[in-house]
Amino acid sequence: MIRMNLIAVAEKNATIGNASQHLHVTNVADVERRYKRKYLTVAVAALFVFVAFSCYMSIKGVPAALDGVFPESYLNLIGAKNPNMNKTTPAGPTAEEIARQQEAVAKARAAMPVRDIVAEINPQVLFNNKRTGYGSYLPLEKLSYQKTSLPQFLSFLNTAVPDDIGFSECVYQAPNYYYLRGVAMKASSQHTLIDRLKAVSRQFQSPIASEAATEVAAFGQFNVPQVRLDAVRGFVPASEIPAEIKALKNLSSTNKVQLKGLEKPVVEDFGVFKRYAYNVSSTADFADLLNFLNAFANSPIRMGVPKAELKYAKKFLITNMRIEMFVLR
């Protein structure tokens with residue numbers, strides 16, 4: 001067995017030796033020359049394509065799909081035409097023209113009346129015919145409502161209150177809230193007044209529980225019988241404020257009512273207009289005060305009275321009112 005293995009090994013060595021005599025050796029220099037020839041061929045082909053495409057663009061122009069791809073210097077070199085070169089854009093306005101346009105717009109804006117400004121901000125405000133509540137009224141409509149609702153409420157009290165009832169306090173605030181406090185000589189008079197108030201009120205309440213009581217205390221919302229929204233027809237220009245105050249003083253003095261507190265208004269700025277509020281007082285009796293307020297409601301004076309408080313102190317009636325006026329800026 002050992003002999004056979006030695007023979008096999010000898011035969012294998014002989015075979016390897018013969019194979020090594022036929023081994024092929026590669027020449028590196030030849031390989032490099034072949035690769036250089038391939039690269040040179042590719043470069044020449046690319047250069048040919050580039051030159052051919054450049055010639056095409058110089059004749060036909062730059063294709064629309066390649067617009068903006070090539071630099072302008074290259075296109076100028078080969079004489080190619082840019083499809084956008086012949087498109088001209090109109091020249092914009094100069095700085096002076098823009099300034100003149102802005103100045104014209106500003107002048108037109110300044111000349112717009114308040115109504116147009118309000119319509120520009122919210123056009124539906126001026127054309128909403130469904131304004132049925134005080135909260136939806138326009139500023140001048142609210143002044144009109146205030147100006148006319150207070151004398152209507154006091155006129156109702158003047159006719160509805162029995163003679164044997166005296167009031168210690170009466171408060172009325174826009175749009176139609178009231179509070180009454182007083183005393184009656186008879187319980188029947190108190191019942192009569194309460195029934196009359198209920199008939200002309202909403203949300204009426206009276207804390208008096210006993211039917212035999214003569215005290216009067218009630219509050220609720222007065223149903224204004226004649227709602228007027230045109231009693232104040234315009235805003236007051238700033239230059240006309242003294243004349244408006246003078247007209248109010250003349251009207252009050254004609255009706256034997258002296259108003260104190262028209263010298264120092266509280267001013268609130270609402271942008272388009274300002275609200276001038278005057279806290280005034282008077283010691284006129286009820287009849288003269290009512291005559292003055294009725295005359296005031298029918299006058300052209302552009303003011304409203306959102307709140308009035310009547311109190312008796314030492315046998316005198318003291319009336320405190322808040323009077324408002326809307327003034328243009």
Side-chain angles (χ1 to χ4, degrees), residues 114 134-135 137-158 169-179 222 224 226-313 316-329:
V114 176
Y134 182 81
Y137 292 156
L138 299 176
L140 294 183
E141 292 176 338
K142 289 184 178 180
L143 281 188
S144 300
Y145 189 98
Q146 297 167 9
K147 184 180 180 180
T148 57
S149 65
L150 173 60
Q152 291 186 55
F153 175 71
L154 295 181
S155 296
F156 162 77
L157 289 183
N158 190 45
E169 187 175 10
C170 174
V171 179
Y172 185 84
Q173 182 170 336
N176 58 353
Y177 299 100
Y178 69 85
Y179 167 72
F222 177 62
V224 181
Q226 296 178 352
V227 176
R228 286 188 58 192
L229 302 180
D230 59 348
V232 178
R233 297 181 179 275
F235 290 86
V236 180
S239 59
E240 298 180 12
I241 294 177
E244 204 74 10
I245 296 298
K246 183 178 180 181
L248 179 63
K249 288 182 177 180
N250 291 339
L251 183 64
S252 63
S253 61
T254 301
N255 291 275
K256 302 178 182 180
V257 175
Q258 300 297 323
L259 298 177
K260 298 180 180 180
L262 292 171
E263 295 77 20
K264 297 181 179 180
V266 177
V267 181
E268 297 178 84
D269 194 340
F270 291 90
V272 178
F273 66 90
K274 293 182 179 181
R275 178 168 63 191
Y276 280 56
Y278 301 85
N279 295 313
V280 303
S281 62
S282 173
T283 56
D285 61 27
F286 186 83
D288 292 336
L289 178 67
L290 181 57
N291 290 335
F292 160 66
L293 290 175
N294 281 325
F296 171 73
N298 295 312
S299 72
I301 296 175
R302 292 165 288 185
M303 297 182 184
V305 184
K307 184 176 181 180
E309 183 178 4
L310 290 69
K311 289 184 177 182
Y312 276 95
F316 292 99
L317 176 64
I318 300 177
T319 303
N320 296 310
M321 293 184 294
R322 178 184 173 94
I323 299 177
E324 294 183 353
M325 173 174 54
F326 292 161
V327 179
L328 288 176
R329 291 179 58 86

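Keep in mind it's a predicted model, so treat the numbers as computed, not measured.
The two residues V267 and K274 have their closest heavy-atom pair at CG1-CD, 4.0 Å. Between Y276 and P265, the shortest heavy-atom contact is CD2-CG, 3.7 Å. Between V224 and V227, the shortest heavy-atom contact is O-CG2, 3.9 Å. In terms of heavy atoms, C170 sits closest to F153 at SG-CE2, 4.0 Å.
Atom CG of L143 sits about 11.5 Å away from atom CD1 of I323, to the nearest 0.5 Å. L259 CG to T283 OG1: the interatomic distance, rounded to the nearest 0.5 Å, is 10.0 Å. The NZ atom of K147 sits 9.5 Å away from atom CZ of R302, with the distance rounded to the nearest 0.5 Å. To the nearest 0.5 Å, atoms CZ (R275) and CD (E324) are separated by 4.5 Å. Between atom OH of residue Y134 and atom CG of residue L229 there is a gap of 11.0 Å, rounded to the nearest 0.5 Å. Taken to the nearest 0.5 Å, the CE atom of M321 stands 5.5 Å off from the CG atom of L293.
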With side chain to side chain contact (heavy atoms under 4.5 Å, CB included) as the test, would you mind laying out the steps for N320 and N279 before giving the verdict? CA-CA 7 Å; N320 296 310; N279 295 313; over 6 Å; no
Using the rule given for side chain to side chain contact (heavy atoms under 4.5 Å, CB included), can you reason through F326 versus V232, listing the C-alpha separation, both sets of side-chain angles and the distance that settles it, and then say yes or no? CA-CA 10 Å; F326 292 161; V232 178; over 6 Å; no
Side chain to side chain contact (heavy atoms under 4.5 Å, CB included) between S282 and K260, worked out: CA-CA 7 Å; S282 173; K260 298 180 180 180; over 6 Å; no
Show your reasoning for whether side chain to side chain contact (heavy atoms under 4.5 Å, CB included) applies to N255 and D288. CA-CA 6 Å; N255 291 275; D288 292 336; 5.9 Å; no
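Considering only heavy atoms from C-beta on, R228 comes within 4.5 Å of N298 through its side chain. The shortest distance between side-chain heavy atoms of N294 and P151 falls below 4.5 Å. L248 has its side chain out of reach of M325: every pair of non-hydrogen atoms, C-beta onward, lies at least 4.5 Å apart. In this structure, the side chains of K142 and P306 stay at 4.5 Å or more apart for every pair of heavy atoms. Side-chain contact between F286 and L317 is present, with at least one heavy-atom pair separated by less than 4.5 Å.
Q146 places no side-chain N or O within donor-acceptor distance of the main-chain N or O of A174, the cut-off being under 3.5 Å. A distance-only check finds a donor-acceptor pair linking the side chain of R329 to the backbone of G271 [under 3.5 Å]. With hydrogens and angles ignored, the 3.5 Å screen pairs no side-chain donor or acceptor of T148 with any backbone N or O of A297. At least one donor-acceptor pair under 3.5 Å links the side chain of N291 to the backbone N or O of A287.
Under 4.0 Å is where a charged nitrogen must lie from a carboxylate oxygen, and between D285 and K256 no such pair does.
Using modelled atom types, one finds no donor on one side chain facing an acceptor on the other under 3.5 Å when comparing E309 with Y179.
Between F273 and F270, the angle of the ring planes stays under 30°, which puts this pair in the parallel group of the 30/60° scheme.
A ring pair (Phe, Tyr, Trp, His ring centres under 6.0 Å) with F156 is found for exactly one of Y172, Y178, F222, namely F222.
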